[in-house]
Amino acid sequence: MKVLVIGGGGREHTLAWKLAQSPKITQLYSAPGNPGMAAISECVPIGVDAIDELIAFAKQGQIDWTVVGPENPLCDGLVDRFQAEGLKAYGPRQAPAQLEGSKIFSKRFMAEHNIPTAPFDVFQNATDTKNYIEQRGLPQVIKADGLAAGKGVFVCFSQEDVDEALNEIFEKKSFGDAGLEVIVEDCLEGIEASFLVFADGDHALPLAPAQDHKPIFEGNKGPNTGGMGTFCPTTTLSAALQQEVINTVVQPVLDGMKAKGTPFKGILYTGLMLTQDGPLVLEFNVRFGDPEAQVILPRLNTDLIDIFEATEQGTLNQLPLSWDEREALCVIMASGGYPGSYEKGQVISGLDQVGEDVIIFHAGTKQDGGNIVTNGGRVLGVTALAATREDARRQAYTAVEKISWNGAYYRKDIGIN
Ligand code: AMP
Ligand code: GLY
């Protein structure tokens, strides 16, 4: 079987790493991939947005399955386009992908289907947003409607925070069209958890729950990032809570999407706040989390191809997942300055100093002659698997300390805070 992974970040390296272990796969390609993916697959220089070229490659190369890592091509309808050409692609079609592509669509869908989430309203300009927040009282959360790589959310505790967010969205237009409209929602208090399921349109197959650490600084301070580290499993989402989330959130999403004639097939990622009033939805994503994938997939024993095929056939309910008992923890190493501006092209050293007990997932890296250099905000994800989270933490940080470049930054409290 020939398989193509679309994307070139840490999540896609993890998908390729997992697929490379499948005895069913004879040839693995990545588009565009990264130096980490180049070691385990053949990289083809096609960008994730070049849907026509990707289709041409998949047809010519007789690709059996294409797996889509990032949200943008899913929201742009890549899966619809592939399927129209008779090609198999794993991930939701464009209509259900709007759950992530538009936060307004997502909140309205939740309201329509009584899915528990924070009260909200929608605005098109700074003045109306400010007036609403004044009325409602701080803290409030302002979110750009469209895709913003995890950076379009502003948790506002003070008027200053509000002004800064509105300046970013409506004055500087930092999010372009994704920031033409915003939602404002009540700020929720509690513990966050990410709950991912494989879905086949009817059935949901839960993955082991993981915990992300989104803010850039230790103690969960500073601006949000795409994610600075993860661990899996997390005990914050007990089996009973998972069942509650399936009943109140996941199944209503699947049923609601099916009723609209746009069944959800792929990964449904629910970002939750576990509040005193129970679990409330912060957001939906329609793909693996990054860096949640870096701790979930190394623990999954089941072959991904079996999951893709059961999804296509609508038989996920007959496929029990099997998990590695060990715990996984991933530390993200980022470029200094991220999630703001940062330098690229810094030579990374120490990659070969790291033992086999950890996996290094490449994200923002590039081959530059004989060197691997930084090429993005989040550069590497260092994942360790061990009997306990504490052991995994120790192993991951031991490896992280051996890797360096000018300005390398990582949070030291992954798995603690
Ligand atoms: P989102 O992309 O919508 O999940 O938001 C990114 C992050 O912002 C979340 O992981 C939370 O840490 C925070 N956040 C989003 N919405 C809220 C909310 N209503 N209350 C408190 N924190 C929030
Ligand atoms: N780690 C958060 C995300 O992938 O959206």
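Remember, it's 1-based here, ligands and their atoms both numbered in the order they're listed.
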What part of [X], side chain from CB on, backbone N/CA/C/O, both or neither, has a heavy atom under 4.0 Å from ligand 1?
X    : value
L188 : both
L282 : both
K103 : side chain

Number the atoms of ligand 2 from 1 as they appear, then name those within less than 4.0 Å of a heavy atom of [X], with their elements.
X    : result
E292 : 1 (N), 2 (C), 4 (O)
N285 : 5 (O)
P291 : 1 (N)
Y269 : 2 (C), 3 (C)

Proximal atoms of ligand 1 relative to [X] (non-hydrogen, under 4.0 Å):
X    : value
E185 : 16 (N), 17 (C), 18 (C), 19 (N)
C187 : 20 (N), 21 (C)
E192 : 9 (C), 10 (O), 11 (C), 12 (O)
E283 : 1 (P), 2 (O), 3 (O), 4 (O)
V141 : 16 (N), 17 (C), 18 (C), 19 (N), 20 (N)
N224 : 6 (C), 7 (C), 8 (O)

Do you know which two heavy atoms are closest between S194 and Y269, and how far apart they sit?
OG-OH, 3.5 Å
Answer yes if the side chains of N34 and T365 hold a donor-acceptor pair under 3.5 Å, and no otherwise.
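Not at all, the side chains of N34 and T365 share no donor-acceptor pair under 3.5 Å.
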Judged by modelled atom types alone, do R287 and N72 share a side-chain donor-acceptor pair under 3.5 Å?
no
Between F284 and F109, ring centroids under 6.0 Å:
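No.
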Under-4.0 Å heavy-atom contact with ligand 2, by part of R287 that carries it
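R287 to ligand 2: side-chain contact only, backbone stays beyond 4.0 Å.
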Contact partition for K214 relative to ligand 2, non-hydrogen atoms under 4.0 Å
side chain
Any atom of ligand 1 sitting under 4.0 Å from a heavy atom of D212?
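Outside the 4.0 Å threshold, so no.
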Determine, for Y410 and K412, whether the Lys NZ or Arg CZ falls below 6.0 Å from the six-membered ring centre while staying within 45 degrees of the axis.
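Checked: cation-pi criterion met.
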Do ligand 2 and G227 have nitrogen or oxygen atoms that lie under 3.5 Å from each other?
no
Looking only at distances, can you tell me whether any N or O atom of R11, backbone or side chain, sits closer than 3.5 Å to an N or O atom of ligand 2?
no
Dump the intermediate steps for side chain to side chain donor-acceptor pair (under 3.5 Å) on Q243 and N247, then the final yes or no.
CA-CA 6 Å; Q243 195 53 52; N247 296 342; 3.2 Å; yes
